[in-house]
Amino acid sequence: MSRRVVVTGMGAITPVGLNVDTFFQSLKEGRHGFGFISKFDSTDFKCHVAAEVKGFDGKEYMDFKAAKRMELFSQYAVAAAGQALEDADIRMEEEDPYRAGCAIGSGVGSLQAIEREYEKMINKGPSRINPLMVPLMISNMAAGNVSIQFGLKGKSINLVTACATGTHSIGEAFRSIQYGEADVMAAGGTESCITPLGIGGFCALKALSGVDDPDKCSLPFDKNRSGFVMGEGAGVVILEELGHAKRRNAHIYAEVLGYGSTSDAYHITSPAEDGMGAAKAMLFALKDGGVAPTDITYINAHGTGTHLNDLFETRAIKNAFGDHAYKIHINSTKSMVGHLLGAAGAVEFVTCVKEIEEGFLHKTVGYETPDEEMDLDYCKEPYEEEVPYALSNSLGFGGHNASILIGKYKE
């Protein structure tokens, strides 16, 4: 018999707040984090706007020496994980460290390290490459550094499924606890790709919005959407086996009920046109959680603001829910924080938990003009109502689909 899994702690580093409370307050106020790129000179690029994390200093979350040996994506992960562990009041001296694990993914790792060391090699020769380049760069170092910093000696994994990474990481942590591999897991995603290569690569792919107006650049589900806006940050949550949480008298935010994962097996960047891969992921999550499709009233969509994603995700929701799709509130957190790539699903999971807790669904900021085939409720305005369940979707390049079902905790 599988074990029940609950959420007992959360941490977030985002473009609209450096902790969960500030982040969610920004979402409630409809405040976005878009602005002109400050991390490098984007004059020659087709895209000039991003959602940068502001005011972050790694030394505030870890000692100076540790911070120096981490790239920004790892620093974000350690900061968010520290917040989540503190929020959960996990005291590692009281835990079996081999039953406390880590599932934190990054879609890319450190482009900064690649750019910096490649330039050194070209200009000064290969002997000048930093000996730590590889452990600074590779994407598993977010999970590695979190494990090292906090003494998590259990299962430690780094999933990489592009933009589905955060949701897959939380889903696999959920499974690890369900089936007895761990009692506690720090789970989520992290990313920091606002670099010349990151922006240039996505520009070349024609995936990014070229709109220079920060108020109009990210328009998920709107007829005038023109691409996604690059964001950065991290989201980490503490998942815990229910009995373990109750023995500690932990505060329980919500329960993870189900997890579904599929592949489109269709195209390296485009979702399947009929949306069936994403639809099946949603239906698998519902079946896993024992919840009927007609009980779902809210979906946190992948909602990137690209033409194909939003259209095909709409089709997926209609395929999964039929006529009931018209009774579901659908919003996109990316309308305010942009697309955090490997961290997106994790930050959106935090959003879902807070929405369940507070009975508040944030609006999809910027959504004004409906598209013809996209005729569902995309939360033009916020809703204040009970949220018994939240279904969170993530879709990644390569056809990776992940859906996770969260519900109010009941004894």
Side-chain angles (χ1 to χ4, degrees), residues 1-12 19-21 24 61 77-104 143-157 166-189 234-259 285 288-291 346 349-359 387-390 392 404-411:
M1 182 176 175
S2 65
R3 309 190 305 168
R4 292 175 69 183
V5 181
V6 293
V7 183
T8 58
M10 298 190 289
N19 56 62
V20 170
D21 289 343
F24 192 64
Y61 302 91
V78 168
Q83 292 175 3
L85 286 161
E86 182 178 358
D87 185 35
D89 196 25
I90 294 286
R91 302 173 189 180
M92 286 307 299
E93 67 273 14
E94 298 174 4
E95 298 291 330
D96 177 350
Y98 293 98
R99 300 289 298 168
C102 181
I104 296 177
N145 277 306
V146 167
S147 296
I148 291 165
Q149 288 292 306
F150 301 107
L152 308 177
K153 295 184 177 182
K155 183 176 188 176
S156 179
I157 55 174
T167 299
H168 272 134
S169 296
I170 295 171
E172 294 302 319
F174 165 60
R175 285 280 186 265
S176 296
I177 296 172
Q178 259 192 328
Y179 294 106
E181 294 182 323
D183 296 322
V184 178
M185 291 288 287
V236 176
V237 297
I238 303 303
L239 303 187
E240 198 168 342
E241 188 271 323
L242 176 59
H244 186 277
K246 290 174 82 169
R247 285 191 293 275
R248 295 194 309 111
N249 293 314
H251 172 71
I252 295 172
Y253 284 102
E255 183 170 2
V256 185
L257 298 171
Y259 167 51
D288 189 38
V291 174
F349 182 97
V350 171
T351 301
C352 289
V353 172
K354 289 298 292 181
E355 288 176 319
I356 288 170
E357 182 185 42
E358 297 198 14
V387 185
Y389 303 106
S392 184
I404 199 155
L405 177 65
I406 312 152
K408 279 194 172 182
Y409 168 67
K410 300 172 185 174
E411 286 284 354

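Keep in mind that the numbers below use all heavy atoms, side chains included, and drop hydrogens, waters and symmetry copies. Bear in mind the structure is a predicted one, so any value in this text is a computation, not a measurement.
- Note that CG of Leu152 and CE of Met185 are 9.0 Å apart. Values are rounded to the nearest 0.5 Å.
- Of all heavy-atom pairs spanning Phe150 and Ala81, the tightest one is CE1-CB, 4.0 Å.
- Contact annotation: the side chain of Asp87 never approaches that of His251 to less than 4.5 Å [non-hydrogen atoms, C-beta and beyond].
- Between Val236 and Ala84, the shortest heavy-atom distance links the atoms O-CB, 3.5 Å.
- Checking each of Lys155, Arg247, Arg3 against Asp183 for a salt bridge (Lys or Arg N to Asp or Glu O under 4.0 Å) leaves exactly one that passes, namely Arg3.
- Residues forming a side-chain contact (heavy atoms from CB on, under 4.5 Å) with Arg248 (at least two apart in sequence, or on another chain): Thr8, Ala88, Asp89, Ile90, Glu95, Glu240, His244, Ala250.
- The CD atom of Glu241 sits 8.5 Å away from the CD1 atom of Ile177 when rounded to the nearest 0.5 Å.
- With rounding to the nearest 0.5 angstrom, the CD atom of Glu255 is 4.0 Å from the CZ atom of Arg4.
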Residues 404-411, side-chain donor-acceptor partners within the protein, below 3.5 Å, at least two apart:
unit_1, atom_1, unit_2, atom_2, d
Tyr409, OH, Glu411, OE1, 3.2
Glu411, OE1, Lys246, NZ, 3.1

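- With a 4.5 Å cut-off on side-chain heavy atoms, Gln178 and Val256 do not count as touching.
- Minimum interatomic distance between Tyr259 and Thr167 (heavy atoms only, all atoms of both residues): CE1-O, 4.2 Å.
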Val7 vs Phe349, side chain to side chain contact (heavy atoms under 4.5 Å, CB included): CA-CA, chis, key distance, verdict:
CA-CA 10 Å; Val7 183; Phe349 182 97; 3.8 Å; yes

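- Nearest heavy-atom pair across Cys352 and Ser392 is SG-CB, 3.9 Å.
- Summarising the geometry of Ala173 relative to Ala187, their closest heavy-atom pair is CB-CB, 3.6 Å, with the distance given to 0.1 Å.
- Shown here for Val353 and Ala254, the closest heavy-atom pair between the two residues is CG1-CB, 4.3 Å.
- To the nearest 0.5 Å, the span separating CD1 on Ile104 from CD1 on Ile170 amounts to 9.5 Å.
- Salt bridge Glu172/Arg175: absent, no basic N to carboxylate O contact under 4.0 Å.
- The shortest distance between side-chain heavy atoms of Leu257 and Tyr389 falls below 4.5 Å.
- At most 12 heavy atoms of other shown residues, nucleotides or ligands fall within 6.0 angstrom of atom CD in Glu86.
- With sequence neighbours excluded, the residues forming a side-chain contact (heavy atoms from CB on, under 4.5 Å) with Gln83 are Ile13, Asn19, Tyr61, listed by chain and number.
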